[in-house]
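One structure is given below, encoded as structure tokens.
Computation of the quantities below employed the complete heavy-atom set of this structure, encompassing side-chain atoms and omitting hydrogens, waters and symmetry-equivalent molecules.
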Amino acid sequence: METLQILRQAEALLEDYGPLFLSDPKIVDLLGRLESAIEGSREAMERAGISVACSRCEKEEGGSCCGRGIEKHYTEWLLLVNLLLGVDLPSRRSDARSCFFLDESGCTLRARHIICINYLCQDILKKTDPILIRELREKEGEEALLLFALVERLKQRVRQHG
Ligand code: SF4
Ligand code: SF4
């Protein structure tokens, strides 16, 4: 299915079930914990110097690993989580060679697929202190678990509602 169709499905879920989701204390709690975990991963990336290295790689070497086609891994549920986190999803691809969700300032998403959360190229893995990589992996693990739990809860609420 085309990314724009999946995006419309996520918007429809938000429109139909938004109030139901936001009146569920478990969903609200998971959203808050996910926000903190995403922030934790971001801080760990910065501490490890990865954010600076990736930004340099993208600007100077055109070496972004956010290639066209990665957006196909995104379901309406993952995009729905982004909408619930207040993300303004793009309505068109910025660069024909890149992922639909990449714009000039980087990834537009807050909640990302596990392949995006985990990916580090060999160059980064070789250059970065393994202790800092381990710290980052722990944070990413928390982020992935919370995201999984949240998506499952959202699906469950929709199923229960009928
Ligand atoms: S992970 Fe590696 S290839 Fe991807 S942007 Fe960072 S430095 Fe570049
Ligand atoms: S990190 Fe964001 S821009 Fe990069 S491939 Fe994943 S979704 Fe696309």
Side-chain angles (χ1 to χ4, degrees), residues 1-18 21-22 27 30-128 132-133 136-137 139-151 154-155 158:
M1 198 184 291
E2 287 300 313
T3 304
L4 274 177
Q5 274 175 280
I6 296 172
L7 215 143
R8 294 287 101 82
Q9 286 182 347
E11 287 167 348
L13 279 167
L14 183 70
E15 196 175 321
D16 294 346
Y17 300 102
F21 294 146
L22 296 175
I27 290 178
L30 283 167
L31 275 169
R33 288 163 62 203
L34 178 62
E35 276 273 31
S36 307
I38 291 169
E39 201 46 34
S41 295
R42 198 190 57 76
E43 285 167 9
M45 275 187 91
E46 275 181 12
R47 269 197 304 280
I50 297 172
S51 309
V52 171
C54 288
S55 153
R56 194 182 309 128
C57 171
E58 281 168 26
K59 284 190 189 122
E60 294 170 18
E61 296 161 38
S64 170
C65 36
C66 299
R68 186 181 181 107
I70 298 179
E71 68 277 355
K72 292 192 193 313
H73 293 280
Y74 281 79
T75 63
E76 64 275 33
W77 298 99
L78 267 181
L79 297 184
L80 170 66
V81 172
N82 280 281
L83 292 173
L84 288 167
L85 290 173
V87 171
D88 200 8
L89 295 172
S91 53
R92 58 175 189 84
R93 192 185 300 274
S94 293
D95 180 333
R97 295 159 306 166
S98 300
C99 172
F100 185 92
F101 299 112
L102 188 74
D103 75 6
E104 307 72 39
S105 46
C107 181
T108 51
L109 303 181
R110 292 281 286 154
R112 292 167 305 147
H113 191 282
I114 189 72
I115 60 167
C116 298
I117 293 176
N118 276 345
Y119 184 76
L120 291 175
C121 70
Q122 284 304 319
D123 194 36
I124 292 275
L125 287 170
K126 266 189 249 153
K127 283 184 192 156
T128 313
L132 295 175
I133 295 275
L136 172 62
R137 292 307 192 200
K139 298 287 176 194
E140 289 172 345
E142 277 172 41
E143 184 183 340
L145 278 176
L146 286 162
L147 184 55
F148 178 78
L150 177 56
V151 166
L154 292 167
K155 288 180 181 173
V158 170

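- The number of heavy-atom neighbours closer than 6.0 Å to CZ of R8, taken from other residues, nucleotides and ligands shown, is above 12.
- Between T128 and L120, every side-chain heavy-atom pair lies at or beyond the 4.5 Å cut-off.
- Here the CD1-OH distance, from I124 to Y119, works out to 9.5 Å after rounding to the nearest 0.5 Å.
- Using a 4.0 Å cut-off between a side-chain N of Lys or Arg and a carboxylate O of Asp or Glu, K139 and E43 do not qualify as a salt bridge.
- In terms of modelled atom types and a separation under 3.5 Å, the side chain of N82 and the main chain of L109 share no donor-acceptor contact.
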Quick one: do S41 and E140 satisfy side chain to side chain donor-acceptor pair (under 3.5 Å)? Show the steps, please. CA-CA 6 Å; S41 295; E140 289 172 345; 5.7 Å; no
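- A salt bridge links R93 to E71: at least one charged side-chain nitrogen sits closer than 4.0 Å to a carboxylate oxygen.
- Of the possible donor and acceptor atoms, none in the side chain of S98 sits under 3.5 Å from a partner among the backbone N and O of S94.
- Between the side chain of T108 and the backbone N or O of F101, at least one donor-acceptor pair lies under 3.5 Å.
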Let's go through Q9 and L13 carefully: what are the C-alpha distance in whole Å and the side-chain angles of both, what is the deciding distance for side chain to side chain contact (heavy atoms under 4.5 Å, CB included) to 0.1 Å, and is it a yes or a no? CA-CA 6 Å; Q9 286 182 347; L13 279 167; 5.6 Å; no
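- Across every non-hydrogen atom of R33 and L146, the tightest pair is O-CD1, 3.5 Å.
- Between the side chain of R137 and the main chain of N118, a donor-acceptor pair closer than 3.5 Å is present.
- R42 contributes atom CZ, which lies 8.0 Å from atom CZ of R110 (distance to the nearest 0.5 angstrom).
- Distance check, rounded to the nearest 0.5 Å: SG of C66 to CZ of R112 gives 8.5 Å.
- Residue E76 holds its CD atom at 11.0 Å from CG of L7, rounded to the nearest 0.5 Å.
- A ring-centre distance under 6.0 Å is not found for Y74 and F100.
- Taking every heavy atom of both residues into account, L79 and A10 meet most closely at CB-CB, 3.7 Å.
- Considering every non-hydrogen atom in both C116 and I70, the closest pair reads SG-CG2, 3.9 Å.
- Note: L80 CG to L150 CG = 8.0 Å, rounded to the nearest 0.5 Å.
- The side-chain heavy atoms of W77 and V158, taken from C-beta on, include a pair separated by under 4.5 Å.
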Identify all side-chain donor-acceptor contacts of residues 83-92 below 3.5 Å with residues at least two apart in sequence or on another chain.
none

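- Formation of a donor-acceptor pair under 3.5 Å by the R68 side chain with backbone atoms of A96 is found in this model.
- The pair R56-E61 does not count as a salt bridge, with every side-chain nitrogen at least 4.0 angstrom from each carboxylate oxygen.
- Taken to the nearest 0.5 Å, the OG atom of S36 stands 11.0 Å off from the CG atom of L31.
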Test side chain to side chain contact (heavy atoms under 4.5 Å, CB included) on L154 and V81; report intermediate values, then the result. CA-CA 9 Å; L154 292 167; V81 172; 3.7 Å; yes
